[in-house]
Amino acid sequence: MTAGPTAMRALARVNLAAIERNVARMRRELAGGVALCAVVKADGYGHGAQQAARAALAGGATWLAVAAADEAAALRGAGIDAPLLVMGALTPGELAVALHAGADVVAWEEDFVDAVAAHGGGSVHVKLDSGMGRLGTRDPAQATRVAEAAAGAANVRLAGAMTHFATADERGDAFFGEQLERFAAWAQPLRSAHPQIALHAANSAATLRDGAAHFDLVRLGVSIYGLDPFGEDPLARELEPALELSSYVAALKALAPGESAGYGRRFVAERATHTATLPIGYGDGVRRGLTNNADVLIGGRRLALVGTVSMDNVTVDAGASPVVACGDEAVLIGTQGDERITAEEVARRLETINYEVTCGLLARVPRVYHRDGEPA
Ligand SMILES: Cc1ncc(COP(=O)(O)O)c(C=O)c1O
């Protein structure tokens, strides 16, 4: 039997209504007046930046953030004109691109403020490194000098003061509170001097963990895609996974005991069985670490992925009297019948985080957008 007309080799279905609802759900955590910035870097964590941005804005986000200048330019190119922050480090060329896109940028050195001014001006958020140890200055006095430089430059606007938490997703650790205190001690007096600035620190985990971290704006990535910031079941926090990854059964093969499937013969049948071949592989972002280490849903059942994940195919043990047929849909992330495979489950198998699972879906996988099943 061949595949039906709706079978797709590899497909990521993204429910934009779920993103909208996740944003609305996260807004319920926020006191009135706290704004929500949707983080749509890395192509919206693999979901599609422009589509995710529009859905997030429809759900109540009023800001967008990306990591790179080109990501900002792409959003503007798509006609998205919401306030936009480029959070990452910028080379002079990238700074020009970000400012040309009308995006706000992040500064922690006075030279950088000079460069913004020299490029014709723009809006600057000053970053204190309160403990993440990546970008920003560790020195509150320097951060204040940078802020004053921005406030004092004719064509530069001091728009914000920010930091980023290292351990917000590790509940119960004390470091989160120390970072929060360090940031508040620097940023609150700065805001007294410059009442128009927005203070922001919290990612998804911090937002769910502690209202004291919300300040004026929260920067939410993972949660708006319905992924759990603590790596647990998203549904338990009323987050709805927006992305499903599927393929189909392209071939079904009887294996006698001793016969094998895939490179390196990493699966050798111990009993008579069948393998179903799904034409999706690490060339799509299904990581090779899932070799003999994942389940797939076919016909509403969980079946074991067996053998080596190759670039374009994986194989699944379909049993002695095969319970699947060629053309059947196979779900690698998502729901079928009563069964569910989350990005968190895949992440646990790979000893990584859900972020990496969806960000790791490659461009070869078409993204198809819908709203609760209706074409979007
Ligand atoms: C500076 C900054 N803020 C906010 C976020 C959003 O974090 P999350 O996806 O955990 O909500 C990120 C993402 O890594 C980030 O780098």
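Both counts, for ligands and for their atoms, begin at 1 and track the order of listing.
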Original post:
Would you call Arg21 and Asp372 a salt bridge, taking side-chain N to carboxylate O under 4.0 Å as the test?
Top reply: yes
Original post:
Hey, which residues fall under 4.0 Å of ligand 1 on heavy atoms?
Top reply: Val39, Lys41, Tyr45, Met87, Arg134, His164, Asn203, Ser204, Arg219, Leu220, Gly221, Val222, Tyr355
Subject >> For Arg349, all residues meeting side chain to side chain donor-acceptor pair (under 3.5 Å), sequence neighbours excluded >> reply: Asp295
Subject >> Any residue meeting side chain to side chain donor-acceptor pair (under 3.5 Å) with Arg25, in chain and number order, not counting sequence neighbours >> reply: Glu29
Original post:
Do the side-chain N and O atoms of Thr273 and Asp317 include a donor-acceptor pair separated by under 3.5 angstrom?
Top reply: yes
Original post:
Is a side-chain donor-acceptor pair under 3.5 Å present for Thr167 with Asp173?
Top reply: yes
Original post:
Other than Val306, what residues sit in its cluster of Ile, Leu, Val, Met, Phe, Trp and Tyr side chains whose heavy atoms are under 4.5 Å apart, directly or through others?
Top reply: Leu255, Phe267
